[in-house]
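Just so it is clear, the model here is predicted, and its values are computed rather than measured. Note that these values count all heavy atoms, side chains included, but never hydrogens, waters or copies made by symmetry. Per chain, numbering begins at 1; letters A, B, ... match sequence-line order.
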Amino acid sequence: MKKKRADNICMMQGNQACARGAMMAGCRFFAGYPITPSSEIAENLALSMPAVGGRFIQMEDEIGAMGAVIGASLTGLKSMTATSGPGFSLKQENIGYAAMAEVPCVVVNVQRGGPSTGMPTFPAQMDVQQARWGSHGDRGVIALSASSAQETFEQTIRAFNLSEKYMMPVILLVDEVVAHSTEKVVLPDPGGIELFNRKQPTESPGEYLPYRETDDGIPVLARFGTGYRYNVTGLCHDETGFPTNNPEKIEKLIRRLTDKIERHRKDITHCHKIMLEDADVAIFAYGSVARSARRAVFLCREAGIKAGLIEPTVLWPFPSDEVLETAEGVKAFVVAEMNLGQMAREVELASKCRVEVHRLNRVDGRLITPQQVVEKVREAL
Amino acid sequence: MRPAKIPTEELMTSGHLACQGCGATQAMRFALKAMGPKTALVIPACCWSVIDGPFPHTSLKVPICHTLFEAAASTASGLKAGLEMRGDTETVVMAWAGDGGTFDIGIQALSGAAERNEDIMYCCYDNEAYMNTGIQRSSATPVGAWTTTTPVAHYKKRPKKKIIDIMAAHSIPYIATASVAYPQDLIEKFRRAREIKGTRFMHVLAPCPTGWKLAPELSVAMARLAVTSRVFPLIEVTDNGSTWKVWKDFEQTPVADYMKPQGRFRHLTDKEIDSIEEEVDRNWQIMLSRERLSADLPGLER
């Protein structure tokens, strides 16, 4: 007898999985601008968003898309945009605004090679530091990564949860290989997904202060249109939300924007760890490169080399503690990435130079192969 | 429409990377015949950032600066200023952008350049959507059209942005529309524009078989039907946006004849097409009234 196909198992590309994840996370607003290799996210949401009463807007440019997302989010809607390197650059001013005003939203960046127009149809991981420092000013950043369609689906949901919880823009970095590879995705039961919705004020509108000091350092922003009047600004502001020139209040605000992430590091960071317990060499890889690195671990083990993998699914805040812990047990690190060492630098810092960090970089628009990783591991030994 | 002498010299060669029946390549080929070799192109992200092809197979015999999506007019402004300061007053700088790079993300740069009356030519080859990224709607996409971001379930409900009106409001010396179905007219207009100082804006309808869901061999026929159905009138606006001239010397054809062969309009009912035709007529009458009005105005002294 023919087996009935399970409804929750599908074949989809990373971009489709991202769109599906957004819908299941309760995202009801998408504003975007066409850009390869992320356009399928917009195309999918153009179809599915209106079907559930959500809103899809194709904007006139990238910073406009980011602006619309911020506006929609102020009304309490879970909002998202998707782009690629050049568009990510264009959005930066508004990403900084969302960080400063503490407006939750999700920004997906399907990375291509850069700088500038670069390689629109080939993968890269060159926006990792831009995700951290792309917009001016000091602030904490959350940036997630995904290495498969399945993980893209899950990380999209997590991005919404983190943005709602910590009241800030959350960036999801994938790359062209993950975005365009079609593979199996197992969808969870919608009722079984844990969703976090931003807190709402309990006090009366007359007593409400949007940026009042809270125990966890995260403000409670009332949804626009619910009777709570307050001011939202990109200027340095006090607890009322109005601009201030008071140095004490400014210092407090800017420190809090970083501290609210630092204080909750443990809740945010996450790494997959594979065969690290007895490893001599730890491979550090993320995104599609981690797929090659996984294979490389098994190839190494077959050849009698004790290799392991540390694969962060959260790139920012950087998993410093996990890297240091790993450094204490291995002889060397191999950091494999499709850029010229943007994360290798962080691994060197976090491991406090206890072990040598070997770099495996590729910037030709092609994926790093398992064989290349194995070779690098051999060199490192 | 007088017959223009078309130069045999080709500044655009075969071996380009466009789709079959691409209107944008025809537009470039004719435009360069009018412009001649002393032309520098500035091309933002658009189909043409791919079409000219990689060295040594590049299909254009003029220098090109491929610039950012939003920066065609601003890069062209700087390039022209630089050439002038270097003593080159001969080379014409022409920004060559698609509709996304003109109507949407590039309109700030274009408006800025036009307001400053930069001595550049700006040509928008309009295929009415983001074709290079996979047929997403732009503000040049006509009402009723399907695209990947205006699916049939909620196809485009808003009319195309009136870019000629916007440019005329900038009081620039020369504005014209042209069609690849009327190459002689197109070439004449580019020649005229070439000799004028200040910002000259050209708008060429470039049928896109891929995005319009159209048989490639119907590309030129569609461009012609766009004109004869008055969907895309051939006009010239001179005297700093005040004198309008509309080409009327053709036999009118129904809007349905233009829309029906295109798959992007397949979902539309006859009634919907009728209401589009009403809108087309209205716009045509507005054009004609402007022409009549400007005929009574005293011409500008040059």
Begin with the C-alpha distance, continue with both residues' side-chain angles, and end with the deciding distance and a verdict on side chain to side chain contact (heavy atoms under 4.5 Å, CB included) for A:L45 and A:M23.
CA-CA 8 Å; A:L45 291 172; A:M23 294 305 291; 3.6 Å; yes
From OH (B:Y122) to CD1 (B:I175), nearest 0.5 Å:
13.5 Å
Just how far is it from atom CG of B:L41 to atom CD1 of B:I64, taken to the nearest 0.5 Å?
6.0 Å
Distance from B:Q26 atom CD to B:S219 atom OG, nearest 0.5 Å?
4.5 Å
Please report the C-alpha distance between B:I107 and B:I166 in whole Å, then the side-chain angles of each, then the deciding distance to 0.1 Å, and finally whether the side chain to side chain contact (heavy atoms under 4.5 Å, CB included) criterion is met.
CA-CA 10 Å; B:I107 200 166; B:I166 295 170; 4.3 Å; yes
At a cut-off of 3.5 Å, what donor and acceptor atoms pair up between chain B and chain A?
{"unit_1": "B:I105", "atom_1": "N", "unit_2": "A:E60", "atom_2": "O", "d": "3.1"}
{"unit_1": "B:Y130", "atom_1": "OH", "unit_2": "A:Y33", "atom_2": "OH", "d": "2.8"}
{"unit_1": "B:Q136", "atom_1": "NE2", "unit_2": "A:E43", "atom_2": "OE2", "d": "2.6"}
{"unit_1": "B:R137", "atom_1": "N", "unit_2": "A:Q58", "atom_2": "OE1", "d": "3.4"}
{"unit_1": "B:R137", "atom_1": "O", "unit_2": "A:Q58", "atom_2": "NE2", "d": "2.2"}
{"unit_1": "B:T148", "atom_1": "OG1", "unit_2": "A:E43", "atom_2": "OE2", "d": "3.1"}
{"unit_1": "B:T149", "atom_1": "OG1", "unit_2": "A:Q58", "atom_2": "OE1", "d": "2.5"}
{"unit_1": "B:H154", "atom_1": "NE2", "unit_2": "A:A46", "atom_2": "O", "d": "2.7"}

Contacting moiety of A:I35, where chain B heavy atoms sit under 4.5 Å:
backbone
What's the verdict on side chain to side chain contact (heavy atoms under 4.5 Å, CB included) for B:I172 and B:N117, showing C-alpha distance, side-chain angles and the deciding distance?
CA-CA 6 Å; B:I172 52 175; B:N117 200 21; 4.2 Å; yes
Heavy-atom contact with chain A under 4.5 Å, split by part of B:F103:
neither
What distance separates A:I157 CD1 from A:M24 CE, expressed to the nearest 0.5 Å?
6.5 Å
